[in-house]
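These notes are about the structure you will find just below.
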Amino acid sequence: MFALVDGNNFYVSCERVFRPSLNGLPVVVLSNNDGCAIARSNEAKAIGIKMGQPYFQFRGLEETHGLVVLSANFALYGDLSDRVASLVAGLGPSHEVYSIDESFVDLTGLRCDLEERARRLRQRILQWVGIPCGVGIGPTKTLAKLANHVAKTAERKPGSYPEKLAQVCDFSRLNRDELADILKATDVGEVWGVGPRISEQLKEAGIRTVYELTRLDPATVRARWSVVLERTVRELQGTPCISLEEVAPNKKEIACTRSFGKPVEGYKDLEEAVTEFASRAAEKLRKQGSVAAQVLAFVRTSPFRKCEQYSRSMTIPLRRPTNDTRPIVQAALMALRAIYKPGFLLAKAGVMLMELTPDTVSQGELDLEDQEPDNGKLMTAVDNLNGRFGKGTVLVASAGLEGDRRNWSMKQLRRTPAYTTRWEDMPIARA
DNA sequence: TCTGGGGTCCTAGGACCC
DNA sequence: TCTGGGGTCCTAGGACCC
């Protein structure tokens, strides 16, 4: 049996912890550059603001509806997230932090009344941290997720589901018919793993509710859709296919990307941005104890504007895998030089580190030939200073062309050719 | 004027091999 | 009409998640 504990309207709830006067008001939290809504209070949802909706489309509701609009404060949310997660961990023997506002808990072996235990946890989190949560309980992670959806929706929209399921919903307590009724009342698109595309395809095939999805034969689902959806169907039928991951595996890619507040055209500005992205990414890389073998940089115009589109990326193989900021910045700038073309209003750029492997001591010490003499110590010192005095205290200066010529071997590049790809469909998830 | 920033997994199809 | 057969590796692209 699994539980999913999830903070309601999480970023908004975090803001309300420190500003209780926001309770009862429509509140949204905006993304970087105040671009679009990434969290909405129930009141904001009620006046029709959508997840991911651009701010300019609902600007003005401050005056007409008393909407409160806030810029995101991710440091605050991360801190409260840690506090919630540590309380959630007490619910069962093992737990997985799934996202900033969600944790799964394995309840196997607990002999107590699970619903009662969950309600007490919910109360404790509310009292000690100030964040209201929903809890879903079910025999698989997918069912726990669905139960959580029921718990939150029953609270927010009275009448949508039986009132007793509000806040905490334990599927294992329901009899066959009760569960069937709930699944029949739930749109197939609410299922974890069924996004907009699959949802549309299912509906075309006459599958509109979760109940109908659970009635499908897994083999048929696999043949017609995919093994991923098959797994989802099996999980809905009560067969666990997705296990708890207590320790987060190391990242396989590390990215740092930003949309610009205003379109950028000049090379100098891009160079500055890409240098910072590469430095931040390298920092994350060292934090997880990995080295990267490839560096990708990309630039793109805004897909939302009707201007001429330009979207390019380039991957540069590193001479040897490293987590040293300097060669990583140099590689990113080398890629930028190759893909930059003047005359476009660029809306976004970014750096990604790929082909990550664990940083082993031997890697640094056995191969002394082209090792920067103070590599490890210098980078550790940089990270410590930035940690103590704030991000950006110590920066790596953008390297000029001379530096690149000195450090980059074209022979190496030919052996492992760099390649360009279009960057038209950078995924931006929308709820 | 103005549209986030991260990630993961799966699969089809091409390249290449014998 | 009809165009071997089987395997591996790699990449692009699609789909999903928060």
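A quick note: this is a predicted structure, and the numbers were derived from the prediction, not measured. When reading the values below, keep in mind they use all heavy atoms of this one structure, side chains included, and skip hydrogens, waters and symmetry mates. Letters A, B, ... mirror the listed sequences (proteins, then strands); counts begin at 1.
Between the OG1 atom in T186(A) and the CD atom in E212(A) there is a gap of 11.5 Å [rounded to 0.5 Å]. Between the OG atom of S302(A) and the NZ atom of K348(A) there is a distance of 10.0 Å, given to the nearest 0.5 Å.
Using a 4.0 Å heavy-atom distance criterion, L30(A) is classed as making no nucleic acid contact. Residue contacts for D101(A): at a heavy-atom cut-off of 4.0 Å it reaches the sugar-phosphate backbone alone, with no base atom in range. Nucleic acid contact for V97(A): none, since no nucleic acid atom lies under 4.0 Å from a heavy atom of the residue. At a threshold of 4.0 angstrom between heavy atoms, the contacts of I254(A) are confined to the sugar-phosphate backbone, with no base atom among them.
Per the geometry, CZ belonging to F10(A) stands 16 Å off C1' belonging to dG6(B), to the nearest Å. Between L296(A) atom CG and dG6(B) atom P the separation is 13 Å, expressed in whole Å. Atom CD in E253(A) sits roughly 12 Å away from atom P in dA12(C) (whole-Å rounding). One can place CG of L346(A) at 16 Å from C1' of dT3(B), the figure rounded to the nearest angstrom. When the C1' atom of dC16(C) is taken as reference, atom CD of Q201(A) falls 12 Å away, rounded to whole Å. Computed from coordinates, the R197(A) CZ to dC17(C) P distance equals 12 Å when rounded to whole Å. Between the P atom of dC2(B) and the CD atom of Q53(A) lies a distance of 17 Å, rounded to the nearest Å. When rounded to the nearest whole Å, the span between CD1 of I38(A) and P of dG7(B) equals 16 Å.
Distances were taken from every side-chain heavy atom of P196(A) (C-beta onward) to each of dC16(C), dG6(B), dG5(B); the shortest belongs to dC16(C). Distances from the side chain of S31(A) to the nucleotides dC16(C), dC2(B), dG4(B) place dG4(B) closest. Side-chain proximity of F56(A) to dG4(B), dG6(B), dC2(B): nearest is dC2(B). Here dG5(B) is the nucleotide among dG5(B), dG7(B), dC17(C) with the atom lying nearest to any side-chain atom of K348(A). The nucleotide whose nearest atom lies closest to any side-chain atom of C36(A) is, among dG6(B), dT3(B), dT1(B), dT3(B).
Phosphate contact (OP1/OP2 of dG6(B), side-chain N/O of R258(A), threshold under 4.0 Å): present. A sub-4.0 Å separation between OP1 or OP2 of dT3(B) and a side-chain N or O of S259(A) is absent. Taking only side-chain nitrogens and oxygens, K145(A) never comes nearer than 4.0 Å to OP1 or OP2 of dC17(C). Applying the 4.0 Å criterion to OP1 and OP2 of dC2(B), one finds that K262(A) has every side-chain N and O outside that range.
The salt bridge (Lys or Arg N to Asp or Glu O under 4.0 Å) search around R119(A) returns E115(A), not counting sequence neighbours. Residues meeting the side chain to side chain donor-acceptor pair (under 3.5 Å) test with S13(A), sequence neighbours left out: none. Among residues two or more places apart in sequence or in another chain, the salt bridge (Lys or Arg N to Asp or Glu O under 4.0 Å) test is passed with R117(A) by none.
Using bins of under 30°, 30° to 60° and over 60° for the plane-to-plane angle, the ring pair Y310(A)/F344(A) lands in the parallel bin.
The list of ring pair (Phe, Tyr, Trp, His ring centres under 6.0 Å) pairs with a residue in residues 255-283 of chain A, not counting sequence neighbours, reads Y267(A)-Y340(A).
If you find the closest nucleotide of DNA chain B to K284(A) and to F260(A), the one lying nearer the 5' end belongs to F260(A). When the nearest nucleotides of DNA chain B are assigned to G35(A) and K252(A) by heavy-atom distance, the more 5′-ward of the two goes with G35(A).
A heavy atom closer than 4.0 Å to some atom of DNA chain B occurs in V227(A), V228(A), these being the qualifying members of residues 222-245 of chain A.
Residues E272(A) and T275(A) have side chains that never bring a donor and an acceptor to within less than 3.5 angstrom of each other. Residues Y98(A) and E245(A) have side chains that never bring a donor and an acceptor to within less than 3.5 angstrom of each other.
Taking the six-membered ring for Trp and the full ring otherwise, the centers of W192(A) and F2(A) sit at least 6.0 Å from each other.
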Counting Watson-Crick and G-U wobble pairs with both distances under 3.5 Å, what is the dot-bracket string for DNA chain C, 5' to 3', using [ ] for crossing pairs and | for pairs to another strand? ....||||||||||||||
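Contact between V188(A) and I207(A) at its shortest, heavy atoms only, is CG1-O, 3.9 Å.
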